[in-house]
Structures are given as C-alpha cells and as structure tokens.
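Data block below; observations after.
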Amino acid sequence: MTEVRVRFPPSPTGYLHIGGARTALLNWLWARKNNGKLILRIEDTDAERSTEESIAGIIDGMTWLGLDWDEGPYFQTDFSDDHTKAAKKLLASGHAYKCFCTKEELDQKREAAMAAKKDVRYDGTCRDLTPEQVAEKEAQVIPSVIRFKVPQKEGKVAYEDKVLGTIERSYDDIEDFVIVRSNGKPLYLLCNVVDDIRDRISHIIRGQDHMSNTTRQVLLYQALDAPIPVFAHMPLTLDLQKRKISKRSHGEIVAVQFYREKGFIPWALCNFLALLGWNPGTDQEIFSREELIEVFTLERIGKVNSVFNYQKGNAKFFTDPKLISINEHYLRTMDITELAELVKQDFEEQDIWDKAYDGDKREWFLTTLDLIRDRFHTTRDFATLGRAYFADDYTVEAKPLKKNILKHPDLKTWLPMLAERFAVLDDFNKETTESTSRELAEELDIKPGILINGMRTALTGQLAGPGMFDILVALGKERVVNRLNNIDHLYDGA
RNA sequence: GUCCCCAUCGUCUAGUCAGGUCCAGGACACCGGCCUUUCACGCCGGCAACACCGGUUCAAAUCCGGUUGGGGACGCCA
C-alpha cells in the first residue's frame, strides 16, 4: 500500500479561520490514522495579498490546536520553476496553447454574456491558431496567456469522490482555462497540481467549493501523465443565513485566534469542528485524540453543508452553543493537571500566577480548580469569575451585592462576629465552620442563609458558587477572617 | 445564462447504498422536575423533523422521476 500523504495548503491572506482549521483537522486525522504524512504548504503565489502576519497566524493557530505537520511549511513561490516547466511541457505536448486575447476584451465579453444571461465561457478564439499565426503575434510582441486545451470530445471527465461518489462533467462544459498569466506567472490550478504531484499527495481532502477546480485539475493530471489522487470533498460551513462563512463578512467569530483568546480548550474546538460535517455513526460525540483518529473515516464525512449556529449580539451564546457546551464538558471532565496547564497560561498573562502553584501549593491549586470548574465556561473564567480564590483584587458583582449584602445592613456587624469565631477555631474545616455559622445564626435568630449568602458575596464577589463551607476551606482561615473583617467598603456606595 | 453538489427536529446529526425492527434515535438549545443555603454539575421527563408532487411496492425517510428550495463554481484570485 502506498503511503498516505495529505496536505493543508492555506493561502496566507488572513488569519486561520474555523473552516480552514476544519480542513486542516480532517487532513491531520487522515494522516495520523494511516501513519501517513501531513504537509503544510503555504500557497503564496498571489504576492499582492499574501502577508507575513498571516503566515505566522496560520502556523500559530495550527500549533495551538495541536495539529502538527510532518513536512513544511513549504512555500509555493519556492517552486516557481516546477510550475513554469510544467506549463512548457503542456505547451509542447499540445495540451495547452497561447492565447492573445486581452484581459479587457475578455472582461467585456464576459460582462456582456452575463448581462444577456448567456454562457460566459471563453469562446476559443485562439484555440486553433496556426503556428504561423502564433509566430506572427509573438513577433508583434502581443502579450499572451497560456490556456489548457480541454479535449473536444464526447463524454465526460469523471473521478471518484470518497464523499460524494462519482462526479462527472462533460468536456463540453469546461472552458479552456488559463494556466499561466501574461506576466509568465502560473496560476493556482496548475501550481496546485504540480505541487501535489511533487509532494506525492495521495489524498486531497478539501471543501466542496473546489469541486469545479477538481474536474479541471483531473484533466491536468492526465495531461501531465501523473496518477490522480483520491479526492474527498467535504461540505461547507455556512452561517445562519446559509452564507459561506468567511473572515471578511463574519469577523473574529470565525477566527481560531478568537477562541484562543476567549479561553477555549484547543481540543474542544477540534472535537466540535470534527462533528461539523462528520460523525462516527454512533452516539458518541466526545472523543480523545486517539479515539477520533481511530474512528475517523473519509466515507463518513457528510454531504450536507452545515450551519455554524451563532447569532450576533447574543452574549450568552457568543458562538455556536454546541461548541460552548463541548468546551464546558472538557473543562469539567478533563484531567485536572492538563487543565492546570491551560489556567497557568491565563494566570501568567493576568499576572496572578503564583510560582507556589507548581510547588508547595500545587495540591491546593488543583483541588481549588476542581472545586470551581463546574460552573465555568472557558479557562478565562478562573481569572475572572474565580479570581477571589487566587487574588485579593476581585470585584464584587452588583447583583449579589444588592441582594446579599446591602439588603441586610446588620451583616456589617454580623460578618465580623463570624470572623472572630472563625479566628479561634483550631481546626478550620467544613464541619467546624458550618456549625460555627449555624450557631451564630441561631443566636442572632436569623436564617443561616443570610450569613451564608452574605459570606459568599463578601468572600467571592459572586452570586453563586460551590458549597459555602468548601469555599471557606479553599480560601483558608486567614483570608476568610481578613475579608470578613473588612466589609465596610461594601457599604460605601450605598 | 451554464455546470456541479445537496435536501431528516431551531442547530449538529443517526437511519438512505442492502425498503419492513422508524407513528424516526442521539446531542446542543429551550421548557418542567429532582437535588440544594446559592448557582451550577448530575439525574429524570417534555417540546420538536423525514421540503413537495407523482411513480414502483404488500410495505418508502429509505428506490425512481419531477418540482421547489439551498449551496458552490463559472477570475490573467487561491
């Protein structure tokens, strides 16, 4: 069996978006499943639009997602000679010809055809020029492009698609497409094929938007006398209006970088992306890398375009709810030490990382993460919603402040009373803190909930959280006593 | 205008190739309940779909034809 070699060939004209990431992911899965190779190839032949930042962004994005590649990054522009040679070969073998029609003429014809609702294909003006006519035009230094000479015959070009089955298209319906610009630079259709032949690509997994390219490229493979790879066209990802998602019209929400900044778990995003247009045929939806590699097949890629379900301006569902839910699932079930690594990165950025979390306080750090992670959505929440556990500069949210503190002005004296009793506890644990709290409530003849919720708000700034006495233990006696003794400022604004 | 692809709950989808076990299963979201000092988690329950028409057949989500709808492509972009 021949080696499986796949590629991810982004054009560096913007950041890595989720559609591109999904393409990369599926190629990666196929490579890993077959012990094959994934080649990263930057298709930068469009010099005007290609940028360095974009290249860096793509590489960062893939690295963050954990999609490693085995060869490259190669740069298409480094192989211009190959492309030019191939074009010459096609010209020499009669598979291509020079076309002297000017861009202006063609644009005009195309517009006219569009306007008249007529076929817009190239009319073949230069297809049958004699060698003499060509020589004459060249003598006059008329610029020319090179067009591929699509066989004029009955029948159809066909290829087997792993997802869609047999795809056919009449030769008749394919125009003589341009493969080299008048400035001598070969175009995508050709470069892409030449590179794939050189890189010995065995499977081409890409979006359905490439289907019309594929039929033309099959012709190129045949003309270049090269084996045709296996094709698998995956469905596109659309927005709620059924429009192809793009960086241009959808902005940051479709950028991989956005999810990184929001504190998503990289593999959660991969897991979600895999499910968009692919499924294992079972009810399983959560997969480890190994599991996904194991069960992934090209045949189970869907045929139907899928909708990336997000509504602009919805704060709760700022991206596809299913993606959020998968991320939450990982957040609360993943190995706590792996989670700690991700949180560490956030904390370092937020400047609330304590080196002891890797040392003396390691155990405490992990236990605390585990205690609070159930309520969080992204790793960012540890430094924001969960800030009170790790730093003293947490904010007390308005809603709980009003409900649990301001509503009961006597807490101003009650909470310090509680602090006083906590301070003298020899063993500051769940049981002792709970009985202490309940005893005080009884003495004061108030519901324990008033003290408990007041404490929660004062100590964590939050309306909700873990069991109160777990919180006390997590915070530790010293912090609890300090914070409960310093609550006057909470009443300042009132 | 031409060509190509597609069509199951709001969304992601199973089931379609080998028609009956599907008055259509799962997940997310939503609603209700349990749990609970709070909020989550968890658990239980609910709502909700085979685009339409015709054909084949004892039997169609599944096969065939058409209609409609959606998407993609039609660049000297990639």
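Everything numeric here is computed off the predicted structure, so don't read it as measured data. Here is the naming used below: chain letters follow the sequence lines, and residue numbers restart at 1 for every chain.
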With nearest nucleotides of RNA chain B determined for A:G281 and A:V145 from heavy-atom distances, which residue corresponds to the more 5′ nucleotide?
A:G281

Under a 3.5 Å limit for both distances, which nucleotide forms a Watson-Crick or G-U wobble pair with B:rG10, could you say?
B:rC28

Paired to B:rC43 by Watson-Crick or G-U wobble criteria (both distances under 3.5 Å) is B:rG33

To the nearest angstrom, how far is A:W278 atom CH2 from B:rA14 atom P?
11 Å

When the P atoms of B:rU67 and B:rC30 are compared, how many Å lie between them, rounded to an integer?
42 Å

Establish, with yes or no, whether the OP1 or OP2 oxygen of [N] is under 4.0 angstrom from a side-chain nitrogen or oxygen of [X].
X      : N      : result
A:R121 : B:rA73 : no
A:S306 : B:rC12 : no
A:K185 : B:rC77 : no
A:R300 : B:rG15 : yes
A:K109 : B:rG75 : no
A:R181 : B:rC77 : yes
A:R41  : B:rA78 : no
A:R373 : B:rC41 : no

Might you list the N or O atoms of the protein lying below 3.5 Å from N or O atoms in nucleotides 3-8 of chain B, with each pair's distance?
residue: B:rC3; atom: O2'; partner: A:R169; partner atom: NE; Å: 3.0

Of residues 438-454 of chain A, the positions that come close to RNA chain B - non-hydrogen atoms, cut-off under 4.0 Å:
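Correct list: A:I452, A:N453.
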
Take nucleotides 31-36 of chain B nucleotide by nucleotide from the 5' end and write B, S or -, depending on whether a protein heavy atom sits under 4.0 Å from the base, only from the sugar-phosphate, or from neither.
------

Assess A:R147 against A:F177: is NZ or CZ under 6.0 Å from the centre of the six-membered ring, and within 45 degrees of the ring's axis?
no

Which part of the nucleic acid, if any, lies within reach of A:P9 when heavy atoms closer than 4.0 Å are counted: base, sugar-phosphate only, or nothing?
nothing

Please classify the nucleic acid contact of A:E285 as base, sugar-phosphate, or nothing, using heavy-atom distances under 4.0 Å.
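Contact class for A:E285: base.
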
Are [X] and [Y] side-chain neighbours, meaning at least one heavy-atom pair lies under 4.5 Å?
X      : Y      : value
A:R216 : A:F148 : no
A:T384 : A:Y394 : no
A:K322 : A:F272 : yes

Go through B:rC74, B:rC30, B:rC77 for me and flag the one nearest to the A:R49 side chain.
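Nucleotide nearest to A:R49's side chain: B:rC77.
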
